[in-house]
Protein chains: 2
Amino acid sequence: MKLGQATIKDIAKALNISSSTVSRALKDYPGISKETKEKVKELAKELNYRPNAVALSLRKSKSSTIGVIIPEVVHFFFSTVISGIEEVAYANGYNVILLQTNESLEREKAAVETMITNQIDGLLVSYSKETTSFEHFQKLIDFNYPIVFFDRIPDLQNTINVTVDDFSGAYSAVKHLIDQGYSKIVHLAGPKNLKISKDRQDGYLKALKEANISVREDWIVPCPLGTSEESETFSLQLLKGKDRPDAVFASNDIAAAGAIKAAKSLGLSVPEDFGAVGFSNWQFSSMIDPPLSTVSQPGFKIGEIAAGLLLDMIDNESEEAFQGKTEVLETRVIVRGSSLRKS
Amino acid sequence: MKLGQATIKDIAKALNISSSTVSRALKDYPGISKETKEKVKELAKELNYRPNAVALSLRKSKSSTIGVIIPEVVHFFFSTVISGIEEVAYANGYNVILLQTNESLEREKAAVETMITNQIDGLLVSYSKETTSFEHFQKLIDFNYPIVFFDRIPDLQNTINVTVDDFSGAYSAVKHLIDQGYSKIVHLAGPKNLKISKDRQDGYLKALKEANISVREDWIVPCPLGTSEESETFSLQLLKGKDRPDAVFASNDIAAAGAIKAAKSLGLSVPEDFGAVGFSNWQFSSMIDPPLSTVSQPGFKIGEIAAGLLLDMIDNESEEAFQGKTEVLETRVIVRGSSLRKS
DNA sequence: TTGTAAGCGTTATCAC
DNA sequence: GTGATAACGCTTACAA
């Protein structure tokens with residue numbers, strides 16, 4: 001697979017000058033004759049010369065590439081974050097490479113290794129559901145290697161994080177349900193080790209307390225898998241029980257959709273008999289019947305901000321850029337048919 | 001951002017031996033004393049030595065990394081393909097990097113450049129909707145650079161392709177509609193320049209002809225955007241018209257979902273008054289109401305096969321591996337509520 | 001069994 | 001204005 005890619009040496013040889021001169025001519029260094037510059041550039045164009053990024057990385061210990069480590073590319077939310085990241089990166093002359101962990105800690109560690117040995121200049125990370133210890137990141141952070149966490153952020157000192165206000169998003173969602181007259185509200189919770197799960201659950205609890213609704217432990221249902229089937233099964237159990245809940249607040253849209261399916265299969269009408277609100281505003285959420293109310297997160301903006309912070313660390317290397325901080329973006333409740341009772 | 005990564009030199013210096021010895025010891029070359037090997041490996045472990053992938057790439061003109069260029073990571077279909085690719089790649093000691101083009105030709109060209117200058121060993125490509133000329137790939141292919149196209153495959157000589165039988169998938173889908181008693185079937189078509197769009201449309205046409213249903217040009221509706229809104233708008237127009245269609249076969253699930261929405265908004269019952277079949281079996285398809293019938297493509301398998309073919313080209317470099325060929329995988333119609341009339 | 005040196009493509013440092 | 005040289009980290013003839 002010889003690619004016949006021209007190198008600086010080829011140009012130098014062809015023009016009978018040294019490679020250093022070619023290198024300088026190509027980058028418009030001062031102190032190179034106009035004539036030489038022109039000759040070099042012309043030939044470079046003709047030969048379709050492209051600087052070898054690998055050689056550059058090695059030489060400069062810098063790849064002008066940032067890495068993104070995410071659980072799964074298929075999440076609609078993550079894909080919007082990626083778009084935001086790419087926007088900022090490209091505008092600043094950086095490439096973006098993507099590695100997915102499939103929610104596996106092992107894969108996450110391997111991804112980090114790959115990034116490091118490939119001289120990736122910095123990392124944007126949303127860690128996996130399996131990740132409970134953060135040594136593999138901490139090691140890097142200790143060396144001042146630029147890392148920004150987004151969405152799923154760790155409980156560490158001095159990390160730079162971008163996330164959304166899951167707590168108040170959840171709170172508002174549940175409050176909305178209560179305002180609509182629902183009072184027996186189940187919570188389908190996310191994976192235990194994610195801060196976002198905890199925050200969403202806390203928001204749920206706060207809204208209930210504020211409305212003087214007593215909390216039932218058996219109505220807080222962990223959904224580790226996060227599949228629609230899982231939540232459908234759990235929901236069916238609850239809905240068939242004696243004391244039937246009249247609404248659900250789920251930690252994600254898929255789970256909410258599963259609950260709606262369960263309710264419909266029992267002949268309950270949504271939203272009259274049973275209301276539902278999800279989280280993340282997946283692409284499908286507006287397309288199901290009834291359209292799913294949900295909490296939307298500003299994915300694109302998260303990506304933009306996270307990438308901006310990362311580039312600050314890489315380019316400026318200022319003390320300040322490495323100061324631990326957490327940017328919290330606002331969420332927004334999107335009310336659709338699944339929770340809007342025709343009062 | 002000094003990462004304090006140990007190099008071979010560090011180990012050599014510390015042990016007072018040459019770097020070549022270290023290099024050989026680390027890779028269990030014959031003719032290195034057991035003693036030396038042990039010392040080297042021990043220290044390597046202690047210093048957490050990792051070979052610098054960039055230096056390796058430069059030295060070997062090989063990165064053990066394959067690149068995947070896709071339009072958008074958010075498509076459920078593509079994400080399953082990626083999983084298949086990763087499976088095979090990792091099993092063979094290759095890394096996978098992902099670049100998305102956002103359906104832009106310019107970005108696609110940039111992605112190719114990035115891959116090449118970064119010594120990526122080979123490319124798996126599903127090109128963008130904007131791509132009508134293939135020079136940027138042809139150049140590489142002429143140099144025997146390993147490329148495998150998947151799903152969206154070009155009309156070129158000597159390329160290696162993996163795709164699904166869109167034609168027969170579409171044919172079966174429309175035949176199924178006809179079998180269910182639908183006869184006035186609209187086709188929501190995909191982007192003109194994609195072979196898959198043409199094949200799906202041809203399958204639609206064949207099924208109609210076979211059933212002696214005359215084709216109406218105005219019932220073949222191009223949906224360039226591929227959004228749910230777009231198809232909803234077009235569908236509304238058709239459904240409000242005098243001669244109302246009674247079913248739709250769409251080139252993708254999103255468009256089909258838009259059509260269902262349109263029908264429901266007009267008070268038509270699905271599937272009784274209006275049937276719908278989509279394409280690709282998106283994640284949401286089973287979750288909408290009624291669940292959407294669709295044509296499923298073996299995404300994971302496509303990824304596995306495409307990656308396998310690519311690695312053949314990279315590793316074997318045999319003449320045969322570079323011989324143009326097209327692997328065509330079977331599709332399967334998944335019948336769900338949206339097209340199943342209670343006869 | 002080990003060391004020396006050249007080279008992958010580029011650029012920074014000195015020298016002329 | 002331009003050239004020679006070394007270096008980034010690693011591998012691999014070739015020597016010893």
Side-chain angles (χ1 to χ4, degrees), chain A residues 1-41 43-44 47-65 113-114 116-121, chain B residues 1-41 43-44 47-65 113-114 116-121:
Chain A
M1 66 121 228
K2 287 269 120 44
L3 259 193
Q5 277 286 38
T7 72
I8 278 191
K9 276 189 185 172
D10 297 330
I11 300 181
K13 228 172 266 170
L15 296 177
N16 248 315
I17 56 182
S18 76
S19 353
S20 12
T21 304
V22 175
S23 171
R24 287 187 278 235
L26 286 171
K27 347 192 68 178
D28 277 326
Y29 263 55
I32 296 283
S33 75
K34 211 174 162 184
E35 212 186 351
T36 314
K37 272 188 199 172
E38 278 169 9
K39 270 196 304 189
V40 169
K41 287 187 177 172
L43 185 57
L47 297 180
N48 192 29
Y49 168 77
R50 294 277 174 275
N52 180 319
V54 175
L56 275 173
S57 297
L58 183 58
R59 178 65 233 251
K60 303 201 161 180
S61 309
K62 177 169 189 339
S63 57
S64 288
T65 301
E113 288 270 327
T114 302
I116 297 308
T117 61
N118 278 91
Q119 311 263 50
I120 301 305
D121 296 336
Chain B
M1 68 120 227
K2 289 269 120 43
L3 259 191
Q5 278 287 38
T7 71
I8 278 191
K9 274 190 189 171
D10 297 331
I11 300 181
K13 226 173 269 170
L15 296 177
N16 249 318
I17 55 181
S18 77
S19 354
S20 28
T21 304
V22 176
S23 170
R24 289 186 276 237
L26 287 171
K27 351 192 63 180
D28 275 327
Y29 263 56
I32 296 283
S33 74
K34 211 174 162 183
E35 209 187 353
T36 313
K37 272 190 198 170
E38 277 169 8
K39 269 196 305 189
V40 168
K41 287 188 176 171
L43 186 56
L47 297 180
N48 193 28
Y49 169 78
R50 295 277 175 275
N52 181 318
V54 174
L56 274 174
S57 298
L58 185 59
R59 177 65 231 254
K60 302 203 162 177
S61 307
K62 177 168 188 338
S63 57
S64 289
T65 300
E113 289 270 326
T114 302
I116 297 308
T117 61
N118 279 90
Q119 311 265 49
I120 302 305
D121 296 336

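Convention: sequence-line order gives letters A, B, ...; per-chain numbering from 1. Please read these numbers as outputs of a predicted model, since none were measured by experiment.
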S.K.: Apply side-chain hydrogen bond (donor to acceptor under 3.5 Å, both in side chains) to A/Ser33 and list each qualifying residue two or more places apart in sequence or on a separate chain.
M.R.: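 By the side-chain hydrogen bond (donor to acceptor under 3.5 Å, both in side chains) rule, A/Ser33 matches A/Thr36.
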
S.K.: Expressed in angstrom and rounded to an integer, what is the separation of B/Lys62 atom NZ from C/dG9 atom P?
M.R.: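 After rounding, the gap between these two atoms is 16 Å.
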
S.K.: Rounded off to whole Å, could you give me the NZ-to-C1' distance for the A/Lys13 and C/dG7 pair?
M.R.: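 Taking NZ of A/Lys13 and C1' of C/dG7, I get 12 Å after rounding.
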
S.K.: CG of B/Leu58 versus C1' of D/dG9: gap in Å, rounded?
M.R.: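 The distance from CG of B/Leu58 to C1' of D/dG9 comes to 9 Å, rounded to the nearest Å.
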
S.K.: B/Asn52 CG to C/dC8 P: how many Å, rounded?
M.R.: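 Value for this atom pair: 18 Å.
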
S.K.: Please name all residues satisfying side-chain hydrogen bond (donor to acceptor under 3.5 Å, both in side chains) with A/Lys41, sequence neighbours left out, ordered by chain then number.
M.R.: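 Testing A/Lys41 for side-chain hydrogen bond (donor to acceptor under 3.5 Å, both in side chains), a comparison that skips the adjacent residues, returns A/Asp28.
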
S.K.: Below 4.0 angstrom from OP1 or OP2 of D/dT12, is there any side-chain N or O of B/Lys27?
M.R.: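 No, because none of the side-chain N or O atoms of B/Lys27 sits under 4.0 Å from OP1 or OP2 of D/dT12.
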
S.K.: Using whole Å, what does the distance between atom P of nucleotide D/dT5 and atom NZ of A/Lys9 come to?
M.R.: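 For the pair A/Lys9 NZ and D/dT5 P, the rounded distance is 13 Å.
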
S.K.: Respond yes when some side-chain nitrogen or oxygen of A/Tyr49 is under 4.0 Å from OP1 or OP2 of C/dG9, and no when none is.
M.R.: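 No, outside the criterion.
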
S.K.: Rounded to the Å, how far apart are A/Asn118 CG and D/dC10 C1'?
M.R.: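 From A/Asn118 CG to D/dC10 C1': 14 Å.
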
S.K.: Going by salt bridge (charged side-chain N to carboxylate O under 4.0 Å, His left out), name the residues that satisfy it together with B/Glu38, two or more places apart in sequence or in a different chain.
M.R.: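 Expected list: none.
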
S.K.: Under the rule for side-chain hydrogen bond (donor to acceptor under 3.5 Å, both in side chains), what residues qualify as partners of B/Lys60, not counting sequence neighbours?
M.R.: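 Here no residue qualifies.
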
S.K.: A/Leu26 CG to C/dT10 P: how many Å, rounded?
M.R.: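 After rounding, the gap between these two atoms is 9 Å.
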
S.K.: For residues 3-17 of chain B, which residue pairs qualify under salt bridge (charged side-chain N to carboxylate O under 4.0 Å, His left out), counting only residues two or more places apart or in two chains?
M.R.: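 Salt bridge (charged side-chain N to carboxylate O under 4.0 Å, His left out) check on residues 3-17 of chain B returns no pairs.
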
S.K.: Heavy atoms, side chains only, cut-off 4.5 Å: are A/Gln5 and B/Ile116 in contact?
M.R.: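 Yes; the side chains approach each other to less than 4.5 Å.
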
S.K.: I'd like a list of close polar pairs between nucleotides 1-4 of chain C and the protein, N/O only, cut-off under 3.5 Å.
M.R.:
| unit_1 | atom_1 | unit_2 | atom_2 | d |
| --- | --- | --- | --- | --- |
| C/dT2 | OP1 | B/Ser33 | OG | 3.4 |
| C/dT2 | OP1 | B/Thr36 | OG1 | 2.7 |
| C/dT2 | OP2 | B/Ser33 | N | 2.9 |
| C/dT2 | OP2 | B/Ser33 | OG | 3.3 |
| C/dT2 | OP2 | B/Thr36 | OG1 | 3.1 |
| C/dG3 | OP2 | B/Ser18 | N | 2.9 |
| C/dG3 | OP2 | B/Ser18 | OG | 3.1 |
| C/dG3 | OP2 | B/Thr21 | OG1 | 2.5 |
| C/dG3 | N7 | B/Arg24 | NH2 | 2.6 |
| C/dG3 | O6 | B/Arg24 | NH1 | 2.9 |
| C/dG3 | O6 | B/Arg24 | NH2 | 3.0 |
| C/dT4 | O4 | B/Ser20 | OG | 2.9 |

S.K.: Please report, rounded to the nearest Å, how far the P atom of D/dT2 is from the CD1 atom of A/Ile8.
M.R.: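 After rounding, the gap between these two atoms is 15 Å.
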
